[in-house]
Amino acid sequence: MPNAIVKALINEEQIRLYFIDNTQLLRDIFALNQELPESLKLMLGKTVSAMSILSGTLKGNQRMSLQITLSNPLHKIFAEAEANGNVRGYLNKELLRSSDTEEKSMQDLIGPSGMIRVIKGSEMNQFTSITDMPNQHITDDIANYFVQSDQTPTYLYSDIQLDKGGSLLSSHALYAQLLPGAPPQLLSEVKMIVKANPDIFSKLNAEEASDSEEALTQLFGDAKIIGHSSSQFFCGCSKEMFYGMLYSLSEEEIKRSIERNEDIEAFCHICGKTYTFEQKEMQQLF
């Protein structure tokens with residue numbers, strides 16, 4: 001089931017475990033970032049993949065915004081997830097324009113002083129957490145955020161397969177979190193089972209829920225599927241959102257464009273859409 005989060009309880013209902021085939025979601029993201037070197041493509045992909053499955057943990061009108069700052073403090077990755085499954089993510093201009101990213105691995109780009117900032121909650125009730133990245137790894141350190149900020153043992157796994165040309169073959173993610181009172185070693189057992197089964201997602205992502213439940217039971221001893229939710233790429237930008245950009249221009253800049261009979265274009269770096277402000281609109285603004 002493409003882009004569908006499957007939610008289950010395992011180990012005598014002591015662990016909640018979610019998994020997703022988010023290949024189509026990442027194809028939508030990568031279609032906007034075709035020229036990225038593989039290291040940046042994987043970093044963006046793993047960030048968005050993680051956020052897609054974490055959208056399944058949100059409720060009501062909650063959202064989760066993530067900012068990853070690499071050791072070079074000018075280089076950042078942004079992603080956001082909403083409870084309705086809408087997910088978006090992008091790299092900032094400084095990281096995109098960096099000249100040495102092709103030669104560095106993901107670990108080297110994150111470096112020893114990478115940081116994660118998370119804003120989570122609803123519009124009326126948000127909280128912010130900042131954690132370090134001791135593993136220098138996207139998904140391991142997002143999981144580490146839950147350990148540091150919520151004191152909740154969490155495991156997050158993203159498997160992204162690219163062909164030799166850098167095109168996406170498949171993308172899957174898995175999330176496991178201990179429920180209150182569960183022995184800590186259970187999460188280590190889940191990690192060992194996942195690592196010992198490199199084809200785990202081909203077993204889990206079945207068309208029928210009963211087949212997925214049976215596969216979970218075979219892997220983890222017992223399982224109960226408790227629900228499903230969707231996750232999809234969605235930007236939500238509009239032309240109206242870019243009027244603020246026009247208002248930030250000086251009168252001289254707007255007047256110059258009018259005199260030259262030039263339209264002004266605004267580009268959304270999240271979804272790739274371009275919005276054009278024609279002469280009539282600028283004259284009204286001026």
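Just so you know, residue 1 is the first one in the sequence shown, and it goes up from there.
- Looking at H228 and I5, their side chains never come closer than 4.5 Å, going by heavy atoms from C-beta outward.
- A donor atom on one side chain and an acceptor atom on the other are found under 3.5 Å apart for S52 and N22.
- Using a 4.5 Å cut-off between side-chain heavy atoms of Ile, Leu, Val, Met, Phe, Trp and Tyr, with links allowed through other members, F78 and I138 fall into the same hydrophobic cluster.
- Residues L204 and L219 are in side-chain contact: their nearest non-hydrogen atoms beyond the backbone lie under 4.5 Å apart.
- Looking only at distances, no side-chain donor or acceptor of Q136 sits under 3.5 Å from a matching main-chain atom of M133.
- In this structure, K7 forms a cation-pi arrangement with Y18, its terminal cationic atom sitting closer than 6.0 Å to the ring centre and no more than 45° off the ring axis.
- The shortest distance between side-chain heavy atoms of Q177 and I15 does not fall below 4.5 Å.
- For R117, the CZ atom counts as loosely surrounded, since its 6.0 Å shell holds 12 or fewer non-hydrogen atoms of other residues, nucleotides or ligands.
- With hydrogens and angles left out, the side-chain atoms of Q232 and S230 include a donor and acceptor closer than 3.5 Å.
- At least one side-chain heavy atom of V190 sits less than 4.5 Å from a side-chain heavy atom of F220.
- Taking the centre and axis of the six-membered ring of F30, the NZ or CZ atom of K41 falls inside the cone set by 45° and 6.0 Å.
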One pair to check against salt bridge (Lys or Arg N to Asp or Glu O under 4.0 Å): E214 and K203. What are the steps and the verdict? CA-CA 9 Å; E214 182 179 349; K203 299 176 181 178; over 6 Å; no
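- Once rounded to the nearest 0.5 Å, the distance linking NZ of K195 with CD1 of I200 reads 12.5 Å.
- Judged purely by distance below 3.5 Å, without hydrogens or angles, the side chains of S113 and S71 pair a donor atom with an acceptor atom.
- The residues K224 and E12 are annotated as not salt-bridged, no charged nitrogen and carboxylate oxygen being separated by less than 4.0 angstrom.
- A donor-acceptor pair is defined here as one N or O able to donate and one able to accept, closer than 3.5 Å; such a pair exists between the side chain of D163 and the backbone of G165.
- Side-chain N or O atoms of T154 include one that pairs as donor or acceptor with a backbone N or O of T152 at under 3.5 Å.
- At least one side-chain heavy atom of L162 sits less than 4.5 Å from a side-chain heavy atom of I160.
- Using a 4.5 Å heavy-atom threshold, the side chains of C268 and C237 count as touching.
- No side-chain heavy atom of V87 sits under 4.5 Å from any side-chain heavy atom of F233.
- Closest heavy-atom contact between N144 and P134: ND2-CD, 3.6 Å.
- In terms of modelled atom types and a separation under 3.5 Å, the side chain of T139 and the main chain of Y157 share no donor-acceptor contact.
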Might you work through the side-chain hydrogen bond (donor to acceptor under 3.5 Å, both in side chains) test for Q67 and T69, ending with a clear yes or no? CA-CA 6 Å; Q67 174 186 296; T69 301; 3.2 Å; yes
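- The closest donor-acceptor contact from the side chain of N197 to the backbone of I193 lies under 3.5 Å.
- Open room surrounds CD on E35; 12 or fewer heavy atoms of other groups in view lie less than 6.0 Å from it.
- Judged by distance alone, with hydrogens and angles left aside, the side-chain atoms of Q62 form a donor-acceptor pair with the main-chain N or O of K59 at under 3.5 Å.
- Residues L40 and L95 form a side-chain contact, since some pair of their non-hydrogen atoms from C-beta on lies under 4.5 Å apart.
- Residue K93 qualifies as open at atom NZ: its count of foreign heavy atoms under 6.0 Å is 12 or below.
- No donor-acceptor pair under 3.5 Å is formed between the side chain of S158 and the backbone N or O of A173.
- L9 and Y175 are not part of a single hydrophobic cluster, where members link through side-chain heavy atoms under 4.5 Å apart.
- Ring geometry for F201 versus H172: interplanar angle under 30°, hence parallel rather than tilted (30 to 60°).
- A continuous path of Ile, Leu, Val, Met, Phe, Trp and Tyr side chains, each step under 4.5 Å between heavy atoms, connects F127 with L66, placing both in one hydrophobic cluster.
- Follow the hydrophobic side-chain contacts under 4.5 Å out from I10 and you reach L186 in the same cluster.
- Side-chain contact check for D108 and S105: at least one donor-acceptor pair (N or O, by modelled atom type) lies under 3.5 Å.
- D141 contributes no side-chain N or O that, together with a main-chain N or O of A143, makes up a donor-acceptor pair within less than 3.5 Å.
- Between E80 and R63 a salt bridge is recorded (basic side-chain N to carboxylate O distance below 4.0 Å).
- Note on F234 and I20: separate hydrophobic clusters, where clusters join Ile, Leu, Val, Met, Phe, Trp and Tyr whose side-chain heavy atoms are under 4.5 Å apart, directly or indirectly.
- For Q126 against I119, the heavy-atom pair with the smallest separation is OE1-CG2, 3.6 Å.
- A pairwise comparison of heavy atoms in I142 and F146 identifies O-CD1, 3.4 Å as the closest pair.
- Judged purely by atom type and a 3.5 angstrom limit, N92 uses its side chain to pair as donor or acceptor with the backbone of L74.
- Remark: side-chain polar atoms of K239 are paired, donor with acceptor, to backbone N or O of T276 under 3.5 angstrom.
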